[in-house]
Amino acid sequence: MTPTSFGKGCHLHLIDGSAFIFRAYHALPPLTRKSDGLPVGAVAGFCNMLWKYVTDEHGSDAPTHAAVIFDHSSKTFRNEIYPAYKANRPEPPEDLRPQFPLTRDATRAFNVSCIETEGYEADDIIAALACQARDAGGSVTIVSSDKDLMQLVGDGVRMLDPIKGKLIGPEEVAEKFGVGPDRVIDVQALAGDSVDNVPGAPGIGIKTAAQLINEYGDLETLLERASEIKQPKRRQTLIDHAEQIRISKRLVTLDCDTPLEGSLQDLEIRDPDPDALLGFLADMEFRTLTARVAERLGAEAPAVTSAPPSSAPAAPELPAIDHAGYQTVTEMAALGDWIAAITEAGQVAIDCETTSLDEMQAKLVGISLAVVPGRACYIPVGHVAGSDDLFGQAMLVEGQLPQDQVLAALKPVLEDPAILKIGQNLKYDWKIFARHGIRMASLADTMLMSYALNAGSHNHGMDELAERYLGHKCIPIKELIGSGKSQITFDRVAIDKAAPYAAEDAEITLRLYDHFTPMLSDQRVTTAYELLERPMIPVLADMELAGIKVDTDTLKRMSNAFAQKMAALEDEIHELAGEKFNVGSPKQLGEILFDKMSLAGGKQGKTGAYSTSADVLEDLAAEGHDLPARILDWRQISKLKSTYTDALQTHVDPDTGRVHTSYSITGAQTGRLASTDPNLQNIPVRTEEGRRIREAFLATPGHRLVSLDYSQIELRILAHVADIPALKQAFLDGIDIHAMTASQMFGVPVEGMDPMIRRRAKAINFGVIYGISGFGLSRNLRIPRAEAQAFIDTYFQRFPEIRAYMDKTVADAKQDGHVRTLFGRRINTPGINQSGPAAGGARRAAINAPIQGAAADIIRRAMIRMPDAIRDLPARMLLQVHDELVFEVEESAVDDLIAAARRIMEGAAEPAVKLNVPLVVDAGQGMNWAEAH
DNA sequence: ACGCTCACG
DNA sequence: GACGTACGTGAGCGTA
């Protein structure tokens with residue numbers, strides 16, 4: 001191609017290279033080259049921007065010539081005029097400096113001209129080139145948003161803000177400075193510039209400067225006629241500082257006569273040389289960009305290899321948490337940069353912002369990502385305007401990437417098993433993504449790490465963890481969405497408010513991950529975390545998404561029946577009481593029973609209120625009082641109605657017709673799950689009336705509900721861990737464990753045993769697991785305390801291993817501050833060395849935790865293996881109720897499912913632990929949960 | 001916001 | 001000798 005001389009019809013683009021570099025540096029994480037740790041984040045961003053720029057079509061304004069202009073050094077001729085010029089400028093960051101020469105190399109690799117001149121600023125070179133090109137009859141676009149360049153705008157010269165994609169002409173300049181481009185330097189001379197340390201006139205800003213210039217025409221006239229100014233202070237300022245203002249003008253005036261090497265012809269646009277460009281990119285180890293460029297150029301991408309450094313670099317000191325490094329991603333190219341950074345790093349901290357805590361209803365509002373501490377981004381996709389449009393529809397705010405494009409771009413990363421996704425309570429995000437067809441793989445969860453380390457010590461919410469382990473107070477969500485009645489959903493939060501909050505969440509998650517990771521192995525809970533916590537995420541998420549069908553018609557019918565029954569009972573109660581009162585108020589009831597009717601039963605609790613709990617009322621009823629008996633009836637019905645038949649209906653999902661509970665993995669200290677919204681782990685079963693609620697939990701047509709539950713799992717674990725021969729033998733023989741206990745304690749044969757005796761033995765068996773006391777047993781069995789104590793003494797005599805186990809457990813807890821289950825789960829016992837009444841509670845909790853915890857571990861192990869075991873069956877696991885799993889299965893496969901699930905459940909302790917008692921699982925099936933249980 | 005009460009394992 | 005007393009949960013209601 002022959003160089004044509006620059007002239008009419010030519011279009012020169014002048015790119016402000018320094019601005020590109022700084023923008024790239026601040027927008028991207030501090031990436032380093034894998035092989036040697038060279039910082040290359042700014043280079044990566046610079047290359048991405050340059051690539052985007054050279055592949056941009058630019059429409060009819062396509063450049064014929066282009067150059068990237070850099071600052072050469074910090075000292076320029078302006079320092080001779082005014083030594084303090086740009087003296088306020090901080091030194092560029094340590095990890096940016098080595099990247100300056102690399103950006104020149106990058107520019108040359110793209111085959112774009114690269115210009116810098118000793119002693120001159122980039123702005124002067126740009127000015128000189130622009131003047132030359134304009135004088136030759138061509139047009140010029142300066143790619144920069146630097147206001148100092150606006151003085152150059154005019155005939156044939158305009159600017160392009162590369163971030164906003166906005167063209168800047170004389171009108172835009174006038175908007176900014178209040179004067180035309182030709183008077184910009186006058187205004188700048190007066191207003192000064194604190195960033196560049198241009199003094200200007202004290203107390204005069206752009207507004208006043210523009211006003212003065214517009215009034216007097218130009219700066220020189222203004223200074224000459226300064227004495228005419230009416231405002232005394234302003235007049236004096238201009239007179240006193242005339243010389244300083246003139247110097248300022250020289251500082252801000254760009255030098256069109258800056259010496260230039262070469263001619264404009266040399267700047268003609270050239271295609272990049274594929275070998276040179278790809279060689280450079282591969283050398284920088286930019287995998288994604290190398291591949292992208294190779295594809296576009298139709299060349300083969302060179303292999304990007306990055307041997308890890310031979311010695312691990314010292315961990316850099318973490319910067320304080322600060323929102324300055326956060327980016328709001330509004331362009332696919334920027335998202336591409338992040339994805340490239342994630343791919344390089346092999347891990348990402350991620351957090352979804354949504355409109356609701358209910359994952360079934362929540363709409364995605366934005367996603368935040370963090371790859372290294374200090375840099376995070378927020379990708380808004382669902383923010384809407386504060387007010388609706390004319391039709392009451394929420395309007396998406398502009399400047400957001402389309403949600404489906406963002407998700408499509410992130411899907412490969414999220415599903416890539418080679419990229420670790422780090423989250424805080426990732427089950428939530430997993431479900432959100434699952435609803436968009438993305439199944440996240442390779443997960444790390446800081447909430448679960450904290451739980452594996454610190455169950456028993458504190459809760460595991462992010463705000464608490466951040467404060468406790470990072471010393472950082474998070475932005476309270478209430479600052480964004482408010483609270484109470486005026487609370488808004490997250491989609492109505494302004495993006496500029498949401499971004500720092502959301503990005504901070506991702507960064508904190510990342511830092512917590514780095515904090516907890518070494519602690520897991522140090523404190524020997526890696527196995528518990530990896531085998532008992534982490535794998536629960538997708539298992540529970542799938543169960544929760546599946547939900548269980550609940551028949552609202554049945555519930556409604558029950559509600560009506562309960563309402564009638566309650567009304568009748570209320571009449572009867574008011575009659576018996578001799579006055580009307582709120583039957584649901586324990587306070588009013590207590591006053592009626594104990595003040596008005598003077599029944600026996602004293603005050604209780606710190607509040608001084610009378611206790612009207614069920615056992616108090618039962619005692620009164622047993623003495624023949626009708627009122628307490630009716631109250632007990634009323635309370636039972638009231639509970640069933642309010643908590644179950646009424647509240648349950650509100651939890652039926654309108655889209656699925658099913659109830660989707662949420663399981664909290666870290667809610668219970670012992671490893672048990674907790675079920676919320678609604679709690680499906682406390683659906684009534686003990687009374688006939690309550691059990692009927694379970695008739696409303698249905699299998700879908702052609703299906704059955706199947707329930708499998710562990711028989712006496714905690715007693716079996718006790719028999720194993722405390723090594724109690726009599727108990728173990730009973731379980732091996734498959735005999736009635738409570739009858740055996742009674743037989744051993746009281747010396748009566750199992751055959752033909754008095755049910756009352758068995759009941760007492762059963763109460764003791766359970767009591768032992770809880771850290772029994774004579775008082776507790778006496779109250780439970782309603783027998784004299786001395787008698788209860790005598791039973792316990794007998795029990796321990798007969799099974800001395802239990803006492804030994806309890807003493808050992810408490811001693812271990814006192815020494816270690818924690819206890820462990822058979823499977824290595826750690827439960828902290830912070831209160832164990834307390835004195836006083838609290839010590840008793842801590843002691844009992846420490847005794848119970850390894851038993852309850854081991855049972856929880858076992859069913860978790862079963863649940864984790866279950867999806868694989870039932871993969872080929874038309875069945876889904878729906879619910880867990882501590883020792884029970886509920887499935888929904890096509891009716892033809894009921895027996896297969898029971899066989900498969902039972903095999904998994906009964907073998908769940910193995911191979912980690914070989915129990916010396918068998919685990920036994922009972923199964924039931926039916927059209928509804930009442931039948932199945 | 002807190003305590004009481006009660007549903008479950 | 002007194003103290004408070006069975007372990008682990010969640011939800012709805014009344015009261016402050």
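Labels below follow one simple rule: chain letters A, B, ... track the order of the sequence lines, proteins then strands, and each chain is numbered from 1. Computed from heavy atoms alone, side chains included, the values below leave out hydrogens, waters and symmetry copies.
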Could you give the [atom1]-to-[atom2] distance, from [X] to [N], as a whole number of Å?
X: Arg686(A); N: dG9(B); atom1: CZ; atom2: C1'; value: 7 Å
X: Tyr451(A); N: dG8(C); atom1: OH; atom2: C1'; value: 10 Å
X: Ile637(A); N: dT5(B); atom1: CD1; atom2: C1'; value: 16 Å
X: Gln669(A); N: dG10(C); atom1: CD; atom2: C1'; value: 14 Å
X: Glu714(A); N: dG8(C); atom1: CD; atom2: C1'; value: 9 Å
X: Trp634(A); N: dC6(B); atom1: CH2; atom2: P; value: 10 Å
X: Asn780(A); N: dC7(C); atom1: CG; atom2: P; value: 12 Å
X: Lys587(A); N: dT5(B); atom1: NZ; atom2: P; value: 13 Å

Just checking [X]: base, sugar-phosphate only, or nothing, at a heavy-atom cut-off of under 4.0 Å?
X: Leu673(A); answer: nothing
X: Ser773(A); answer: base
X: Glu884(A); answer: nothing
X: Arg785(A); answer: base
X: Ser664(A); answer: nothing
X: Ile772(A); answer: base

Sequence neighbours excluded, which residues qualify as ring pair (Phe, Tyr, Trp, His ring centres under 6.0 Å) partners of Phe562(A)?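 None.
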Apply ring pair (Phe, Tyr, Trp, His ring centres under 6.0 Å) to Tyr710(A) and list each qualifying residue two or more places apart in sequence or on a separate chain. none
Is the phosphate of [N], meaning OP1 or OP2, less than 4.0 Å from a side-chain N or O of [X]?
X: Ser585(A); N: dT15(C); result: yes
X: Gln880(A); N: dG9(B); result: no
X: Arg844(A); N: dC7(C); result: yes
X: Thr612(A); N: dT5(B); result: yes

Can you tell me if Thr612(A) and Arg635(A) form a side-chain donor-acceptor pair at under 3.5 Å?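 Yes, because at least one side-chain N or O of Thr612(A) sits under 3.5 Å from a partner of the opposite role on Arg635(A).
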Within the 3.5 Å criterion, strictly below it, is a donor on Asp883(A) or Gln712(A) matched to an acceptor on the partner's side chain?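 Judged by distance alone, the side chains do not pair up.
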In terms of side-chain heavy atoms of Ala668(A), which of dT9(C), dC6(B), dA7(B) is nearest?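 For Ala668(A), the side-chain atoms sit closest to dT9(C).
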Taking the six-membered ring for Trp, are His738(A) and Phe766(A) ring centroids under 6.0 Å apart? yes
Any sub-3.5 Å donor-acceptor pair from Glu931(A)'s side-chain atoms to Met927(A)'s backbone N or O? yes
Under 3.5 Å donor-acceptor, Lys427(A) side chain and Val539(A) backbone: no
Please work out which of the three classes, parallel, tilted or perpendicular, describes the rings of Tyr610(A) and Phe594(A), given edges at 30° and 60°.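 It falls in the tilted class, 30° to 60°.
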Check if the side chain of Arg779(A) and the base of dG4(C) share a donor-acceptor pair of N or O atoms closer than 3.5 Å.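 Not at all, since no donor on one side and acceptor on the other fall under 3.5 Å apart.
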Can you find an N or O donor on one side and an acceptor on the other, under 3.5 Å apart, linking the side chain of Arg843(A) with the base of dT5(C)? no
Would you sketch DNA chain C in dot-bracket for me? Only Watson-Crick or G-U wobble pairs with both distances under 3.5 Å count, crossing pairs as [ ], other-strand pairs as |, the rest as dots. ......|||||||||.
Say we look at [N] and [M]: how far apart would their [atom1] atoms be, to the nearest angstrom?
N: dA6(C); M: dC2(B); atom1: P; answer: 23 Å
N: dT5(C); M: dT5(B); atom1: P; answer: 14 Å
N: dC6(B); M: dA2(C); atom1: C1'; answer: 31 Å

Inspect the contact between Asp736(A) and Arg758(A) and indicate whether a charged nitrogen and a carboxylate oxygen are less than 4.0 angstrom apart. yes
Which atom names give the shortest non-hydrogen contact between [X] and [Y], and what distance separates them?
X: Ser356(A); Y: Ala362(A); answer: O-CB, 3.4 Å
X: Gln681(A); Y: Tyr663(A); answer: NE2-CE2, 3.9 Å
X: Ile858(A); Y: Leu919(A); answer: CG2-CD1, 3.9 Å

Return each pair, listed once, that meets ring-ring contact (aromatic ring centres under 6.0 Å, His included) where at least one residue sits in residues 775-798 of chain A; pairs must be two or more places apart or across chains. Phe746(A)-Phe791(A), Tyr795(A)-Phe799(A)
Just the atom pairs and distances: protein N or O near nucleotides 11-13 of chain C's N or O, under 3.5 Å.
unit_1	atom_1	unit_2	atom_2	d
dA11(C)	OP1	Asp677(A)	N	2.8

Taking DNA chain C as the partner, which of residues 845-853 of chain A come within under 4.0 angstrom of it by heavy atom? Ala845(A), Asn848(A), Gln852(A)
